[in-house]
Structure formats: structure tokens, C-alpha cells
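Structure first, then comments.
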Amino acid sequence: MSNSKEHQKWCKNKLDIIVFTDNRDLSQGLVEQLREHYKRNVSKRVAHSLDMNLCTVRNWFYKDTGLKAYDLLKLLDNYEFIRDYLGFKKTVMNKRITGKKHREEVRKKILQLLSKHPNMTMKELALVLEVSPKSVEWRLYQLVKEKKLQRIGATKNGIWVVRK
């Protein structure tokens, strides 16, 4: 799965959450799903469709070696029934607008959001604005430096005050 082709965002489909205590539980659940789907020659088909080493897949299927994060992403990318089983859906993001105009829009939206909700965190702002948390951090730093924003209180329990 490559980010250079298209930006992909994985998000939860439902509020039902499956909790796996460790990697082996996750692997066993996925193996069961794949066996239900394919019935025969499961490891060969999975290795072929994911372009993986057959020995690695067989170890995963029969010796319970566990699943690497990269292999899980490959499974999510290639098999819709695995995404459904784990409760994920794949959405392809539109190409983002970049440049000075976009930066100004993000700054204005940050000020609007913080004036309405002064307790918002950087992560919440990033989710609402659909930008990276680092981008929000940088914008907040600039707004504080320009004295348009002020942080009152502790880092975790404080609030943002928008100055005019």
C-alpha cells in the first residue's frame, strides 16, 4: 500500500469494536476468515494475491507465528471481507488544496473552532480540519507568537483564549 499513489484513510465503520489481546489472537481470527472464504489452498492463494513468500504465509497459517503490521495492511487493502470482519472501511481522500490560501483557511478555522470550543486538543483539531497534528501544532505556535491565541492553564487541563 503506497501513500504516493493516493492518500488513503482508514476509519471505523461501526461503533462495535473487536479487541484482540495479542497478535496471535488477531492472526487466528484472520486465518479463520480466510479459510471460510477460500475453503481450499488458502495459504497458496493468499501468498499469490498478496505477493508474499509462501513460507511466510504457511508459517503464519500453520505454525501460528503471528502477523506483521505490513501484512495486515496488505490484507486490509486486498480483502473486503477482512475489512468488514475488523469493522474498517477504506475511503480515498480527495486531493488536498495546498498553498497560501489553504493555510489562511486553516488558520481561520482554528480560530473559529477554538472560540466555540476552547478545550479542544490538537488531535481533535486535526481530525476536524483533516490536516496532520503537526500542522495544527505549527499553526497554533504561529497564532500564539502573533498574539492571536493564548493558552491559559496547564497543558492538559487548560483552555485556549482567542484574542481579537
Side-chain angles (χ1 to χ4, degrees), residues 1-34 49-52 56 60 65-164:
M1 188 165 69
S2 172
N3 282 339
S4 63
K5 292 180 181 175
E6 291 180 8
H7 294 284
Q8 295 179 348
K9 181 179 176 184
W10 294 93
C11 57
K12 289 302 279 178
N13 208 5
K14 313 170 198 169
L15 292 178
D16 301 333
I17 298 173
I18 300 173
V19 177
F20 295 101
T21 55
D22 63 359
N23 192 359
R24 289 212 168 103
D25 289 343
L26 172 64
S27 295
Q28 288 171 352
L30 294 177
V31 165
E32 289 172 12
Q33 290 295 313
L34 288 166
S49 65
L50 298 181
D51 195 28
M52 293 174 58
T56 304
W60 175 48
T65 57
L67 179 68
K68 294 179 187 173
Y70 180 71
D71 298 335
L72 175 61
L73 290 175
K74 279 184 168 181
L75 284 171
L76 283 171
D77 199 34
N78 290 323
Y79 297 114
E80 187 174 343
F81 65 92
I82 296 291
R83 290 194 295 269
D84 292 341
Y85 171 69
L86 294 175
F88 283 92
K89 67 178 181 178
K90 177 180 164 184
T91 58
V92 178
M93 300 293 290
N94 292 334
K95 293 183 180 175
R96 294 184 180 183
I97 301 170
T98 58
K100 192 171 185 178
K101 184 177 179 183
H102 180 67
R103 288 192 299 263
E104 290 300 320
E105 288 176 12
V106 170
R107 288 166 54 100
K108 287 177 186 176
K109 288 179 184 178
I110 287 174
L111 291 172
Q112 288 172 354
L113 285 169
L114 290 178
S115 63
K116 292 178 186 175
H117 310 284
N119 294 330
M120 284 186 87
T121 64
M122 287 186 208
K123 287 182 182 178
E124 292 170 342
L125 283 169
L127 285 172
V128 171
L129 298 173
E130 295 181 351
V131 295
S132 69
K134 195 68 176 171
S135 175
V136 171
E137 182 181 353
W138 176 247
R139 303 279 189 272
L140 289 174
Y141 170 76
Q142 289 176 328
L143 290 168
V144 167
K145 190 175 173 183
E146 294 171 8
K147 299 191 179 183
K148 292 184 179 183
L149 262 184
Q150 181 183 5
R151 181 74 176 179
I152 297 177
T155 304
K156 295 204 178 211
N157 299 326
I159 60 169
W160 291 100
V161 177
V162 179
R163 295 179 172 180
K164 303 237 174 177

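All figures in this text were calculated on a predicted structure; none of them were measured in a lab. Heads up: numbering here begins at 1 and tracks the sequence.
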- [ ] For Val162 and Leu143, run side chain to side chain contact (heavy atoms under 4.5 Å, CB included): C-alpha distance rounded to whole Å, both residues' side-chain angles, the deciding distance at 0.1 Å, then the answer.
- [x] CA-CA 9 Å; Val162 179; Leu143 290 168; over 6 Å; no
Could you check if a side-chain atom of [X] sits within less than 4.5 angstrom of a side-chain atom of [Y], using non-hydrogen atoms only?
| X | Y | result |
| --- | --- | --- |
| Leu50 | Asp77 | no |
| Trp160 | Ile152 | no |
| Arg151 | Val144 | no |
| Leu114 | Leu140 | yes |

What distance do [X] atom [atom1] and [Y] atom [atom2] have between them, rounded to the nearest 0.5 Å?
| X | Y | atom1 | atom2 | result |
| --- | --- | --- | --- | --- |
| Leu75 | Ser49 | CG | OG | 8.0 Å |
| Lys123 | Ser132 | NZ | OG | 13.0 Å |
| Met52 | Trp60 | CE | CH2 | 7.0 Å |
| Glu105 | Gln112 | CD | CD | 10.5 Å |

Task: Residues forming a side chain to side chain donor-acceptor pair (under 3.5 Å) with Gln150, sequence neighbours excluded - done: Arg163
Task: Partners meeting side chain to side chain donor-acceptor pair (under 3.5 Å) with Gln28 (sequence neighbours left out) - done: Asp64
Task: Glu137 bridged to Lys134 by N-O distance under 4.0 Å - done: yes
Task: Val136 versus Met122, closest heavy-atom pair with distance - done: CG1-O, 4.0 Å
Task: Over all atoms of both residues, closest heavy-atom pair of Arg139 and Ile110 - done: CB-CD1, 3.6 Å
TODO: Answer yes or no: are there more than 12 heavy-atom neighbours, outside Tyr141 itself, under 6.0 Å from its atom OH?
DONE: no
Open item on the list: Show, in sequence, the C-alpha distance, side-chain angles and deciding distance for Leu125 and Val131, and conclude whether the side chain to side chain contact (heavy atoms under 4.5 Å, CB included) test is met.
Closed with: CA-CA 8 Å; Leu125 283 169; Val131 295; over 6 Å; no
- [ ] Please step through side chain to side chain contact (heavy atoms under 4.5 Å, CB included) for the pair Leu113 and Met120, ending with a clear verdict.
- [x] CA-CA 8 Å; Leu113 285 169; Met120 284 186 87; 4.1 Å; yes
Open item on the list: If we ignore hydrogens and angles and just use 3.5 Å, is the side chain of Glu124 paired with the main-chain N or O of Thr121 as donor and acceptor?
Closed with: yes
- [ ] Output, in order, the C-alpha distance, side-chain angles, deciding distance and verdict of side chain to side chain contact (heavy atoms under 4.5 Å, CB included) for Gln142 and Arg107.
- [x] CA-CA 9 Å; Gln142 289 176 328; Arg107 288 166 54 100; 3.6 Å; yes
